[in-house]
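Working notes for the structure below.
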Amino acid sequence: MSQKLKYISRIKDEFDSVICGVNGVFMFGNMVDAESLQTLIKFYQSGKKIALASNSSLRVKELYYLLKHNDVPMNIFYAMITAGEIAHFYLKNNHDLGRSYYNLSGLDSGIARGLGYEKADSIVMADFILAQTDYDGLDEATVMPVLEQALHLNLPMLCVGNNTSLVGSKGIVSGVGAIAERYAIMGGKKVIPFGKPDVRIASYLVEGMPGFLKERCLVIGDCMSTDMRMANNFGVKSLLLTNGVHQMGGNIEQQLEDLSGSYGLNIDYYAEALRW
Amino acid sequence: MVKHNFKQYLPLIISVLAIIAVARCQVAETTWHRAGGIMAEKRSNYKPQISAEELDEFIKRWPEFNELGLLDNIDLSKAKVSEILNWKMRLWFVYRHWDAERFFYVHSRLTELLKEMKVRSEAESIIKHLNNRKDDLALQMINLQKRRIKAQKISPNELLLLSSREKELNRMFKQYP
């Protein structure tokens, strides 16, 4: 049974560290939510360690500057990782996919930059597909014919960020996870996912964290299939923000019970938004 | 006292061994032919959908096949069935009246269908809790989830068949992926 929280300060003494998402937690599209950010700052001021785990396709350096540009005090974060950074690392160390990629989304976050890969203008010239999280959403009508061709060519897909839907600049938009899911259903044999809910992300973030204890760690996020699943798989407590991508309203308790059941997850706390 | 000379029994021993060998070959050949007949009949009835009998037989055989370790170090998504079959595997399939191609087809279809059922269940529960809402964000989310369900290629009959065995299948694939 999940416990409702109005203010996160109520449980501050139960935790020493927090692993927290970015989008849907304190950033919505390109906007930082001031109150949520203040909550994180207060968390930091009360001696907690905060680590960021983002399913964004941006590399860590780019997310760092994006947040800094939005007046987020970056010193409050102990560590951060993005799906884009992990994908970059993968491409750097694995050359068996080939050297040419087709970028499925309009945005190019520079995952393959500087690694000697070539961006193909046409899918037929590519060795693999690079599907990146795009906060404007992916246009399915454009993407589907490309996926069909890719399937025919038996191309592997790198799915950077696993969210099937996310809070983007145009409201709730289709995430790259939905495209990867569709590709797998169509018969695409190789989809390589990067990002939450991979527990190695949590392990990486807390590595070397002084006095880290799993029982005193909390994962905060807005997505059941990524944030909450990572928390469950990592064996730490979880806090779901209900005003994020799931847009819960009305009888939230019942909804949460239904959702937890169908996702097979246990949610410890829920709150409408991050408030101190 | 009669002294037994081993050499005098040698022709007899050789004859007995020869008879056993021939008999075994005949048994194997008969089994092989019988299996061939059964498999040919099965082959003529193959459909893209998995039948209840096939599902039961697969659930019985998949753990057994895995425990033999025949698939160790083989990535099924990379290899063609014909490329991975060695003599041990061929024998295993023949004696169990399974067509290897169909066996792996059933495996891959089941894993796909289970994934699809999971997606469907998640999407349905999201829609269920947003159904009374009329605001833009809720409608966007409902549409997204409806599109996820629509993309599924699972037939109502298979959905029904798998629903009744979903827990058992998930447990089995957790143990023997």
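Below, chains carry the letters A, B, ... as their sequence lines are ordered, and counting in each starts from 1. Reckoned from all heavy atoms, side chains included, excluding hydrogens, waters and symmetry mates.
Residue contact with chain A, scored on non-hydrogen atoms closer than 4.5 Å, involves the side chain of B:L144 exclusively. Of the atoms belonging to B:E124, not a single heavy atom falls under 4.5 Å from chain A. Interface remark: A:V173 contributes backbone atoms only to the contact with chain B (heavy atom separation under 4.5 Å). Looking at B:E122, both its backbone and its side chain come within 4.5 Å of chain A, counting heavy atoms on both sides. Contact of B:K115 with chain A is not made at all, since no heavy-atom distance falls under 4.5 Å.
Heavy-atom neighbours of B:R96 CZ from other residues, nucleotides or ligands within 6.0 Å: above the threshold of 12. Within 6.0 Å of NE2 on A:H95 lie more than 12 heavy atoms contributed by other residues, nucleotides or ligands. Within a 6.0 Å sphere centred on CZ of A:F89, heavy atoms belonging to other residues, nucleotides or ligands number 12 at most. Within 6.0 Å of NZ on A:K214 lie more than 12 heavy atoms contributed by other residues, nucleotides or ligands. The 12-atom threshold is not exceeded at CG of A:N30, counting heavy atoms of other residues, nucleotides or ligands nearer than 6.0 Å. The environment of A:E272 atom CD is sparse: at most 12 non-hydrogen atoms of other residues, nucleotides or ligands sit within 6.0 angstrom.
The heavy-atom pair separating A:L259 from B:I126 by the smallest distance is CD2-CG1, 3.7 Å. Closest approach of A:S165 to B:Q145, counting heavy atoms only: OG-NE2, 3.9 Å.
Note on A:E181, A:M224, A:M186: by heavy-atom pairs under 4.5 Å with chain B, the leading option is A:E181. Interface check for chain A: of the options B:E112, B:R133, B:K118, the most heavy-atom pairs under 4.5 Å are formed by B:R133.
For the side-chain contact (heavy atoms from CB on, under 4.5 Å) with B:L130, the lone residue among A:Q255, A:Q247, A:M248 that qualifies is A:Q247.
At a threshold of 4.5 Å between non-hydrogen side-chain atoms, the residues A:D258 and B:K128 count as touching.
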